[in-house]
Amino acid sequence: MADDRHVRVRFAPSPTGKLHVGGARTAIYNWAFARANHGTFILRIDDTDPTRSTEENTQIILRAMRWLGLDWDEGPEVGGDYGPYRQTDRMQLYRDAAQRLWDEGKAYPCFCTPEKLAADKAAAEARHDPFQGYQRTCRDIDPAEARRRIDAGEPYTLRIKVPLDRGDVVVHDAVHGDVTFNARELDDFIIFRSDGTPTYNFATVVDDAMMGITHVIRGDDHLSNTPRQIMVYEALGAPVPTFAHISMILGPDGKKLSKRHGATSVEEYRDAGYLSDAFVNYLALLGWSLDGETTIVPRDVLAREFSLDHVSKNPSTFDPKKLDAINQAYYLAMSDREFSERVLVPELRSAGLEAAEGALAHDDAWYDLLSSILKPRTVVAPDVVGKARFLYEGDEVELDEKSVEKNLAKAGARGFVTAAVEALEALDDGAWHAEAINAALEALPERLGASKRKFFGAVRVAACGNQVSPPLGESLELLGRSCTLARLRCAEGIAAE
RNA sequence: GUCCCCAUCGUCUAGCGGUCAGGACAUCGCCCUUUCAAGGCGACGACACGAGUUCGAGUCUCGUUGGGGGCACCA
């Protein structure tokens, strides 16, 4: 094992799309593993597929990484001693490495056409040959002959020459243990395409070897081609890293998570109003546990306690409900001030309730009070907008039809509102606080011979416009004396007698 | 077809030979309560199946079944 070396791990996304939740989790594990072991976390852009990779996607991924708070020690924009950190900028390195293997007789040119390869494979399949890989057709072509054909312009690929006596390959995996692959499965796979570009299995290994990667933490889907990658390490004479293959993330139907299951990209969750900390917390727990009991694992704890041997082997199902629960737990843990600054005000601004920039309509105490009542009612950030809107409608609230029908339209409602107006008028501006407001209204239902439910329901709709609202006392305090009384008087006019 | 991986409540998981199989989310009920939440208490609910090994198996072995992944001049 290479564990005694300084830990160096990498996250190497392909910019063929946005950062997916599965990729995000892989990134989180790599980051956390590096931090927990005082190692180095490297970000590398695996963009060897020119047709599908875009610069735009690269930027989206970098942005998502920053939003997730996964800072990298080496990589794009921060540099490092093992760069460049984009595969397209490393082409010469792959060529050099391949040339070296060729010179050393560990790789050889293959002139088989794709058609021949397909035919060979079909034939192997037809005779039920357990070995369906490359038939090593060009393995023993005389070097001089090969040279001649190359010089004549014949297209060729470069294949790795797997030693015939290699024997079984065992992958030492930190989450799966030792996984043995039969030597028979290994074939002389292509390391360089006929167009002169390296294949993934070759490029990644060259990179990981040159970058001194000690632990390769990646998706389960790579386990099967790890043996061939090991062949490359061996040919290169580089130490084989420790692998850690983590299971996939599935959708609610047990199928691999995809678009049809809803949001799959990190930025969609950011835009939906999830907290980065909560999102990282949830994803970290999807396949890893601290102790089996703890659900709230802040980033710093993750960075300290993360360990590969608590990584689960089974695939996990993405559960939006649990994400919600964790997100809400993070809000609940915030102080009113923090909630106000990080959640409430930004949402009010982007919803246009508050000016996009500059001074706010109220003082800090007002937002803190609002935060205190909205916090336990918020699952995702944008929830605050709908719940705070009634505070921004001036003296005439928009009355919810159904609420009016079930409250103000009921007999006696006018009397309730009138009584409330009288009681509240007795309070002057200086005494306009939730506690005093509640005290002033408290005795009224009994005096009027009405249930609290009916009385407060009528007042609530009159002042807040809806039978569902944050606590009444605080709501009226936030509304202010004059606005509250204006709304109540307005409702008196339409309330049933 | 072949190779590999996986298998504990609906979901995420704890468990690393002897546990009343624990926690969290979800669901349901009760409490609190002027609405909605939040909170408190409680209920429901799992070792896929079959053989072994063992005094004893969720834990070890093999098989079955069921999922997933690889076998590309994709990554």
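Naming convention: chains lettered A, B, ... in sequence-line order (proteins, then strands); numbering from 1 in each chain.
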Whole-Å gap separating [atom2] ([N]) and [atom1] ([X]):
X: Lys452(A); N: rC32(B); atom1: NZ; atom2: C1'; answer: 12 Å
X: Ile160(A); N: rC73(B); atom1: CD1; atom2: C1'; answer: 16 Å
X: Asp291(A); N: rC16(B); atom1: CG; atom2: C1'; answer: 16 Å
X: Tyr94(A); N: rA75(B); atom1: OH; atom2: P; answer: 11 Å
X: Asn57(A); N: rA75(B); atom1: CG; atom2: C1'; answer: 14 Å
X: Arg460(A); N: rU35(B); atom1: CZ; atom2: P; answer: 7 Å
X: Glu185(A); N: rG69(B); atom1: CD; atom2: P; answer: 19 Å
X: Asp188(A); N: rC71(B); atom1: CG; atom2: C1'; answer: 15 Å

- Task: Consider the side chain of Ser14(A), meaning its heavy atoms from C-beta on, and name the nucleotide among rA75(B), rA26(B), rA38(B) that approaches it most closely.
- Result: rA75(B)
Complementary nucleotide of [N], counting Watson-Crick and G-U pairs under 3.5 Å:
N: rG63(B); answer: rC49(B)
N: rC25(B); answer: rG10(B)
N: rC30(B); answer: rG40(B)

- Stepwise side chain to side chain donor-acceptor pair (under 3.5 Å) test for Asp120(A) and Gln135(A): CA-CA 7 Å; Asp120(A) 283 353; Gln135(A) 301 294 325; 6.0 Å; no
With [X] via ring-ring contact (aromatic ring centres under 6.0 Å, His included) - residues at least two apart:
X: Phe306(A); value: Tyr29(A), Trp288(A)
X: Tyr85(A); value: none
X: Phe279(A); value: Trp67(A), Tyr269(A)

[X] near the nucleic acid: base, sugar-phosphate alone, or nothing, with a heavy-atom cut-off under 4.0 Å?
X: Pro470(A); result: base
X: Thr295(A); result: sugar-phosphate
X: Leu323(A); result: nothing
X: Cys112(A); result: base
X: Lys121(A); result: sugar-phosphate
X: Asn225(A); result: base
X: Thr51(A); result: nothing
X: His245(A); result: nothing

Same-atom distance ([atom1]) from [N] to [M], integer angstrom:
N: rG10(B); M: rA48(B); atom1: P; value: 11 Å
N: rU64(B); M: rC73(B); atom1: C1'; value: 40 Å
N: rG58(B); M: rG15(B); atom1: C1'; value: 8 Å
N: rA7(B); M: rU59(B); atom1: C1'; value: 14 Å
N: rC9(B); M: rG23(B); atom1: C1'; value: 12 Å

- Task: Measure up the His176(A) and His245(A) rings against each other and bin them: parallel (under 30°), tilted (30 to 60°), perpendicular (over 60°).
- Result: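 Geometry flag for His245(A) against His176(A): tilted rings.
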- Would you please test Gln92(A) and Arg95(A) for side chain to side chain donor-acceptor pair (under 3.5 Å) and show each step? CA-CA 5 Å; Gln92(A) 191 55 47; Arg95(A) 278 192 283 271; 3.2 Å; yes
- Please walk me through it: do Arg337(A) and Ser340(A) pass side chain to side chain donor-acceptor pair (under 3.5 Å)? CA-CA 5 Å; Arg337(A) 192 84 288 267; Ser340(A) 171; 3.1 Å; yes
- Charged N to carboxylate O under 4.0 angstrom, Glu55(A) versus Arg86(A)?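 Salt bridge between Glu55(A) and Arg86(A), a charged N being under 4.0 Å from a carboxylate O: yes.
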- State whether Asp383(A) and Arg377(A) are salt-bridged, where the test is any N-O pair (Lys NZ or Arg NE/NH1/NH2 against Asp/Glu carboxylate O) under 4.0 Å.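 Between Arg377(A) and Asp383(A) there is no salt bridge, as every charged N stays at least 4.0 Å from the carboxylate O atoms.
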- Of all heavy-atom pairs between Leu68(A) and Ala24(A), which one has the smallest distance, and what is that distance?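 Heavy atoms only, the tightest pair is CD1-CB, 4.0 Å.
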- List the steps, then state whether side chain to side chain donor-acceptor pair (under 3.5 Å) holds for Arg218(A) with Thr226(A). CA-CA 11 Å; Arg218(A) 55 162 39 159; Thr226(A) 302; 3.2 Å; yes
- Query: Of the residues in residues 383-392 of chain A, which ones touch RNA chain B at a heavy-atom distance under 4.0 Å?
  - Reply: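 Within residues 383-392 of chain A, no residue comes under 4.0 Å of RNA chain B.
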- Message: Expected output is a numbered-order residue list: members of residues 434-450 of chain A with a heavy atom under 4.0 Å from any atom of RNA chain B. What is it?
- Response: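 Result for residues 434-450 of chain A: Asn438(A), sorted by number.
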- Task: Test salt bridge (Lys or Arg N to Asp or Glu O under 4.0 Å) on Lys313(A) and Asp220(A) and set out the steps.
- Result: CA-CA 9 Å; Lys313(A) 289 191 276 214; Asp220(A) 232 348; over 6 Å; no
- Begin from the C-alpha positions of Lys387(A) and Glu347(A) and carry the test salt bridge (Lys or Arg N to Asp or Glu O under 4.0 Å) through to its verdict. CA-CA 11 Å; Lys387(A) 297 186 193 303; Glu347(A) 288 298 328; over 6 Å; no
- How does each nucleotide of nucleotides 5-12 of chain B score, in 5' to 3' order, for protein heavy atoms under 4.0 Å: base (B), sugar-phosphate only (S), or none (-)? SSSS--SB
